[in-house]
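What you see is a predicted model; the values in this text were computed from it and never measured. Throughout, numbering of the chain's residues begins at 1 and tracks the sequence.
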Amino acid sequence: MNPRNQSWNGCNWLILPLIGTLILVALIFYRFGERWLRVILIYLSHAQWARNFVSDLGLARRVARRFVAGESIDEAMAATRALNSRQMLVTLDYLGESVSEEQEATAAKDEILNLLDRIEASNLAANVSVKLSQLGLRIRPELALGNMRQILTRAKIYGNRVRIDMEESELVDITLDIYRAMREDYDLDNVGVVIQSYLYRSESDVEKLISEGAWVRLCKGAYLEPPDIAFPDKADTDMNYIKLTEMMLSKEARKNGLYLAIATHDEDMIHAALDYAKTNNLKPEEYEFQMLYGIRRDLQSWLVEQGYRVRVYVPYGTAWYPYFIRRLAERPANLWFFISNFFRH
Ligand SMILES: Cc1cc2nc3c(=O)[nH]c(=O)nc-3n(C[C@H](O)[C@H](O)[C@H](O)COP(=O)(O)OP(=O)(O)OC[C@H]3O[C@@H](n4cnc5c(N)ncnc54)[C@H](O)[C@@H]3O)c2cc1C
């Protein structure tokens, strides 16, 4: 990422509204707590005015760089090579979501096809993660379906796999429908899906995925969902995470061919999974842990040292803004880091 020429010394006064917003956010956190801070940050992750401000800030680019491998495919390849050399697998994510123009969806599909070619040519231990809204789901579901089909067909030629990330709750049904269409209608079984433990519906989705022997990533969920759809309390999301982990590590699930990726940085979730695996004599290659690029690198290394499979989710591209803001929303300390750096420059 090349930080643009924007510094405090350069006195870009357009920055003042952003500072005001950050201070307001800090005050809201102080007064109302973490949930409201999250509400505001998730709102900001969709707000075009905030995106325009933040995407142009050199400092934001530098802080985002902690979570994003770079803007170019070459930088993503370099980050993957470095992780592979530390015995870590990778899933690459070309950043982008909720596109509103058909050409954007086609361009994203072309980039992902190129990404699959580059992984193959460089012989890297990496697969790919995509978002259906990046492939045109919000324009026309058939557009996303067609793009996904081309991506999976290319991946299959290389013996590679593609995981469909899970987005906001209103997209869960259509995402699962497209996931199943790939497997059942087009015989593209190199596709995986994601389940979010904050959703009430996830337990019944998991029961079905177990019967289908699916390739599943389990995460807690990164979006803002109403209490009639998702557990409002983190403790319940965590409890459900452990329950769903155990369901998908069970003998029945494994017998059906289900392969689980436990995607979390939460040590309690990781140790619960390890305890279950130990008690039930699972081998380390029967499941994997996944973590995001730049987050809990110590824990990633520790798991590899203990002989477990770890896959790092490596995002790259110029559309880093919503991904970056969601990472701030997950952990207020990241926001303070951003604000304190702001005043240091
Ligand atoms: C590989 C991977 C893929 C994912 N894919 C999806 C997806 O498809 N759809 C979706 O909705 N969500 C996805 N997520 C995000 C996920 O839903 C959570 O929002 C995110 O992982 C934080 O939850 P946690 O399990 O780490 O637990 P938390 O309870 O949120 O965090 C536990 C601890 O992890 C550390 N931590 C967590 N987040 C951060 C952060 N941003 N910065 C620094 N430290 C942090 C902190 O030490 C924290 O105390 C994915 C996450 C991972 C790891």
- Would Asp185 and Arg149 satisfy salt bridge (Lys or Arg N to Asp or Glu O under 4.0 Å), going step by step from the backbone distance to the final call? CA-CA 10 Å; Asp185 301 345; Arg149 193 177 163 194; over 6 Å; no
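- In this structure, the side chain of Glu286 engages the main chain of Lys283 through a donor-acceptor pair within 3.5 Å.
- The closest donor-acceptor contact from the side chain of Ser204 to the backbone of Arg201 lies under 3.5 Å.
- Expressed to the nearest 0.5 Å, how far OG of Ser250 lies from CD1 of Ile210 amounts to 5.0 Å.
- With Ser98 as the partner, the side chain to side chain donor-acceptor pair (under 3.5 Å) test is satisfied by one option alone out of Arg138, Gln134, Glu104: Arg138.
- Atom CD in Glu225 sits 11.0 Å away from atom OG1 in Thr237 (nearest 0.5 Å).
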- Task: Might you work through the side-chain contact (heavy atoms from CB on, under 4.5 Å) test for Ile164 and Thr175, ending with a clear yes or no?
- Result: CA-CA 8 Å; Ile164 306 176; Thr175 300; 3.7 Å; yes
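- Atom NZ of residue Lys156 and atom CE of residue Met182 lie 12.0 Å apart, to the nearest 0.5 angstrom.
- Annotation: side chain of Val90 is in contact with side chain of Asn84 (closest heavy-atom distance under 4.5 Å).
- Scanning all heavy atoms of the two residues, the minimum distance from Ile262 to Ala273 falls at CD1-CB, 3.8 Å.
- Side-chain contact between Gln300 and Arg311 is absent, with no heavy-atom pair separated by less than 4.5 Å.
- Cluster annotation: Trp320 is not connected to Leu92 through the hydrophobic network of ILVMFWY side chains, with a link wherever side-chain heavy atoms come within less than 4.5 Å.
- Between Ser129 and Arg217, the side chains place a donor N or O and an acceptor N or O closer than 3.5 Å (distance only, hydrogens not considered).
- Rounding to the nearest 0.5 angstrom, the gap separating the CD1 atom in Ile157 from the CG atom in Leu116 is 10.0 Å.
- Ring pair Phe67/Phe324 is tilted by interplanar angle, where 30° to 60° counts as tilted.
- Remark: Glu167 does not engage Lys131 in a salt bridge, criterion side-chain N to carboxylate O under 4.0 Å.
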- Task: Let me see the working for Lys220 and Asp238 under salt bridge (Lys or Arg N to Asp or Glu O under 4.0 Å), right down to the final yes or no.
- Result: CA-CA 7 Å; Lys220 291 188 187 177; Asp238 289 356; 2.9 Å; yes
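- A salt bridge links Asp298 to Arg296: at least one charged side-chain nitrogen sits closer than 4.0 Å to a carboxylate oxygen.
- The only option from Thr80, Asp165, Asn127 that meets the side chain to side chain donor-acceptor pair (under 3.5 Å) definition with Thr91 turns out to be Asn127.
- When all heavy atoms of Gly136 and Leu143 are compared, the closest pair comes out as CA-CD2, 3.9 Å.
- The pair Arg38-Glu330 does not meet the salt-bridge criterion, since no charged nitrogen lies less than 4.0 angstrom from a carboxylate oxygen.
- Using modelled atom types, one finds no donor on one side chain facing an acceptor on the other under 3.5 Å when comparing Asn240 with Tyr198.
- Note that CG of Leu328 is 5.0 Å distant from CD1 of Ile325, once rounded to the nearest 0.5 Å.
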- Stepwise, does the side-chain contact (heavy atoms from CB on, under 4.5 Å) test hold for Val304 with Met88? CA-CA 7 Å; Val304 170; Met88 292 181 196; 3.8 Å; yes
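- For Tyr179 against Trp215, the heavy-atom pair with the smallest separation is OH-N, 4.2 Å.
- Checked against the 6.0 Å centroid criterion, the rings of Tyr94 and Tyr316 qualify as a close aromatic pair.
- Rounding to the nearest 0.5 Å places CD of Glu184 at 10.0 Å from CG of Asp177.
- At least one donor-acceptor pair under 3.5 Å links the side chain of Tyr200 to the backbone N or O of Pro227.
- Within a 6.0 Å radius of CZ in Arg66, other residues, nucleotides and ligands contribute more than 12 heavy atoms.
- Between Lys243 and Asp236, none of the side-chain N atoms (NZ, or NE/NH1/NH2) sits under 4.0 Å from a carboxylate O, so this pair counts as no salt bridge.
- In this structure, His46 and Glu97 have side chains that are not in contact, with every pair of non-hydrogen atoms separated by 4.5 Å or more.
- Clustering ILVMFWY residues whenever any of their side-chain heavy atoms sit less than 4.5 angstrom apart, transitively, puts Val162 in the very cluster that holds Leu218.
- At a threshold of 4.5 Å between side-chain heavy atoms, the hydrophobic network of Ile, Leu, Val, Met, Phe, Trp and Tyr places Leu292 and Leu83 in two separate groups.
- Side-chain contact between Lys208 and Asp205: absent, with no pair of heavy atoms (C-beta onward) separated by less than 4.5 Å.
- Under the 4.5 Å side-chain heavy-atom criterion for grouping Ile, Leu, Val, Met, Phe, Trp and Tyr, Tyr313 is not connected to Val193 through any hydrophobic cluster.
- Of all non-hydrogen atoms in Pro141 and Ile178, the two that sit nearest each other are O-CD1, 4.0 Å.
- For Asp266 (side chain) and Asp268 (main-chain N/O), a donor-acceptor pair under 3.5 Å exists by modelled atom type.
- Side-chain contact check for Asn190 versus Leu188: some heavy-atom pair is nearer than 4.5 Å.
- A donor-acceptor pair is defined here as one N or O able to donate and one able to accept, closer than 3.5 Å; no such pair exists between the side chain of Tyr223 and the backbone of Glu168.
- Ring pair Phe289/Tyr308 is perpendicular by interplanar angle, where above 60° counts as perpendicular and below 30° as parallel.
- Tyr293 and Asp93 share no donor-acceptor pair across their side chains, judged by distance under 3.5 Å alone.
- Inter-residue side-chain proximity for Val194 and Cys219 is flagged as met; some heavy-atom pair is nearer than 4.5 Å.
- With hydrogens and angles disregarded, no donor-acceptor distance shorter than 3.5 Å links the side chain of Thr318 to the backbone of Glu71.
- The shortest distance between side-chain heavy atoms of Arg254 and Met248 does not fall below 4.5 Å.
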- Between Leu303 and Met291, does a side-chain contact (heavy atoms from CB on, under 4.5 Å) hold up when you go through it step by step? CA-CA 11 Å; Leu303 284 166; Met291 291 189 217; 3.5 Å; yes
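- Side-chain contact between Lys109 and Met148 is absent, with no heavy-atom pair separated by less than 4.5 Å.
- At a threshold of 4.5 Å between side-chain heavy atoms, the hydrophobic network of Ile, Leu, Val, Met, Phe, Trp and Tyr places Leu209 and Ile174 in one connected group.
- Remark: the backbone N or O of Glu212 is paired with a side-chain donor or acceptor of Arg183 at under 3.5 angstrom.
- The minimum heavy-atom distance linking Gln150 with Leu113 is given by the pair O-CD2, 3.7 Å.
- Salt bridge absent: Glu285 and Arg309 never bring a charged side-chain N and a carboxylate O closer than 4.0 Å.
- A salt bridge links Glu75 with Arg65: at least one charged nitrogen is closer than 4.0 Å to a carboxylate oxygen.
- Contact between Leu44 and Tyr321 at its shortest, heavy atoms only, is O-OH, 2.6 Å.
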- Given ring pair (Phe, Tyr, Trp, His ring centres under 6.0 Å), test Tyr259 with Tyr287 step by step and report yes or no. CA-CA 6 Å; Tyr259 178 76; Tyr287 56 95; 8.2 Å; no
